[in-house]
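Report on the structure given below.
Being a predicted model, the structure only gives us computed values, none of them experimental. Just so you know, these numbers use all the heavy atoms, side chains as well, and skip hydrogens, waters and symmetry mates.
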Amino acid sequence: DREPGFAVRYAINPDRDTNGAGLVYFANYVAFMDYAERRAMAENAAEPFTADEIATRTLGRREIVYYGNVAVTDTLRIRVSMFRRGATEAAFRYRIERESDGRLIALSEAVKRLSG
């Protein structure tokens with residue numbers, strides 16, 4: 001069954017997700033959202049996305065607001081909502097929270113082109 005606001009857990013990998021100072025690099029949050037988005041498209045879409053649409057989607061625009069960061073020992077909870085925009089676009093909303101305390105870390109919206 002499809003869930004509204006599909007949630008994905010992402011455990012921080014200190015060797016891959018941090019910068020030279022040992023902090024989670026903010027640019028990595030885009031990769032975390034893309035991971036959650038791909039899972040949501042494959043597992044929770046009201047109208048199924050094809051494998052090609054998932055694999056070849058490209059960014060049209062994205063807006064991000066950061067509110068904090070996460071410790072390397074923590075896990076993120078990324079909630080994804082999806083909206084199809086015709087046959088060639090999909091829009092996504094993301095809410096990223098720290099799992100340890102539920103604190104909001106980032107909000108984002110993106111529009112992706114589907115070329116599959």
Side-chain angles (χ1 to χ4, degrees):
D1 286 330
R2 192 173 89 71
E3 300 174 35
F6 184 72
V8 174
R9 293 178 71 234
Y10 182 85
I12 299 299
N13 180 323
D15 296 319
R16 181 185 57 225
D17 299 332
T18 59
N19 62 18
L23 301 171
V24 176
Y25 186 54
F26 284 112
N28 285 1
Y29 281 81
V30 172
F32 305 155
M33 288 183 279
D34 283 348
Y35 167 75
E37 171 187 307
R38 179 182 292 271
R39 293 264 320 268
M41 291 175 81
E43 300 172 28
N44 199 57
E47 291 180 46
F49 290 91
T50 67
D52 283 346
E53 287 175 325
I54 295 170
T56 62
R57 68 198 191 285
T58 57
L59 181 64
R61 71 171 181 84
R62 181 186 301 275
E63 296 179 19
I64 304 173
V65 178
Y66 295 107
Y67 296 102
N69 208 338
V70 63
V72 297
T73 57
D74 210 340
T75 298
L76 296 172
R77 185 172 39 247
I78 307 165
R79 298 184 192 281
V80 182
S81 299
M82 300 176 286
F83 312 90
R84 269 206 188 258
R85 294 173 44 151
T88 60
E89 285 188 332
F92 301 89
R93 286 191 179 137
Y94 317 84
R95 178 181 177 90
I96 303 175
E97 302 165 347
R98 278 194 306 237
E99 196 162 84
S100 62
D101 61 5
R103 182 168 177 215
L104 177 64
I105 298 299
L107 294 172
S108 183
E109 292 184 350
V111 175
K112 303 268 181 112
R113 287 186 279 286
L114 306 173
S115 54

Next item on the list: If a pair satisfies salt bridge (charged side-chain N to carboxylate O under 4.0 Å, His left out) and one of its residues is in residues 13-22, list it, with sequence neighbours excluded.
Entry: none

Item checked: Within the 6.0 Å centroid threshold, strictly below: Phe32 and Tyr35 -> no

Note to self: What verdict does the side-chain contact (heavy atoms from CB on, under 4.5 Å) test give for Tyr66 and Ile105, after you've listed the backbone C-alpha separation in whole Å, the side-chain angles of each residue and the deciding distance to 0.1 Å?
What the structure shows: CA-CA 6 Å; Tyr66 295 107; Ile105 298 299; 5.7 Å; no

Check: Hey, does Tyr94 have a side-chain heavy atom less than 4.5 Å from the side chain of Glu109?
Finding: no

Notebook entry, point to check: If we only count heavy atoms from C-beta on, is the Phe92 to Met33 side-chain gap below 4.5 Å?
Noted result: no

Check: Minimum heavy-atom separation for Val72 to Val24, with atom names?
Finding: CG1-CG2, 4.4 Å

Notebook entry, point to check: What do the steps show when you test Val70 against Tyr29 for side-chain contact (heavy atoms from CB on, under 4.5 Å), and what is the final call?
Noted result: CA-CA 11 Å; Val70 63; Tyr29 281 81; 3.4 Å; yes

Item checked: Minimum-distance pair of heavy atoms, taken over all atoms of Gly68 and Phe26 -> O-CE2, 3.2 Å

Next item on the list: Scan residues 66-87 for pairs that pass salt bridge (charged side-chain N to carboxylate O under 4.0 Å, His left out), counting only residues two or more places apart or in two chains.
Entry: Glu47-Arg84, Glu53-Arg84, Arg77-Glu97, Arg77-Glu99, Arg79-Glu97, Arg85-Glu89

Checklist line | Check: Arg9 side chain, Thr75 main-chain N or O, donor-acceptor pair, under 3.5 Å | finding: no

Item checked: Glu37 side, atom CD; Ser108 side, atom OG - distance, nearest 0.5 Å -> 9.5 Å

Check: Between Pro14 and Ile12, which heavy-atom pair has the shortest distance, and what is it?
Finding: CD-O, 3.4 Å

Item checked: Linked, directly or transitively: Val111 and Phe6 (ILVMFWY side chains, under 4.5 Å) -> no

Next item on the list: Look up atom CG in Leu23 and atom OG1 in Thr18, then write down how far apart they are to the nearest 0.5 Å.
Entry: 8.0 Å

Item checked: Within 6.0 Å of OH in Tyr25, more than 12 heavy atoms from elsewhere -> no

Next item on the list: Check the pair Phe49 / Arg57 against side-chain contact (heavy atoms from CB on, under 4.5 Å), numbers first and verdict last.
Entry: CA-CA 11 Å; Phe49 290 91; Arg57 68 198 191 285; over 6 Å; no

Notebook entry, point to check: Is there a side-chain contact between Tyr67 and Leu107, using heavy atoms and a 4.5 Å cut-off?
Noted result: yes

Margin query: Going by salt bridge (charged side-chain N to carboxylate O under 4.0 Å, His left out), name the pairs with one or both residues in residues 58-71, residues two or more places apart or in two chains.
Written below: Asp34-Arg62, Arg61-Glu63

Next item on the list: State which residue, out of Val80, Ile54, Val8, fulfils the side chain to side chain contact (heavy atoms under 4.5 Å, CB included) condition with Arg38.
Entry: Ile54

Next item on the list: Determine the sole option in Thr56, Thr58, Asp52, Thr88 for which the side chain to side chain donor-acceptor pair (under 3.5 Å) test with Ser115 is passed.
Entry: Thr56

Next item on the list: Determine yes or no for a side-chain-to-main-chain donor-acceptor pair under 3.5 angstrom, with Asn28 supplying the side chain and Ala31 the backbone.
Entry: no

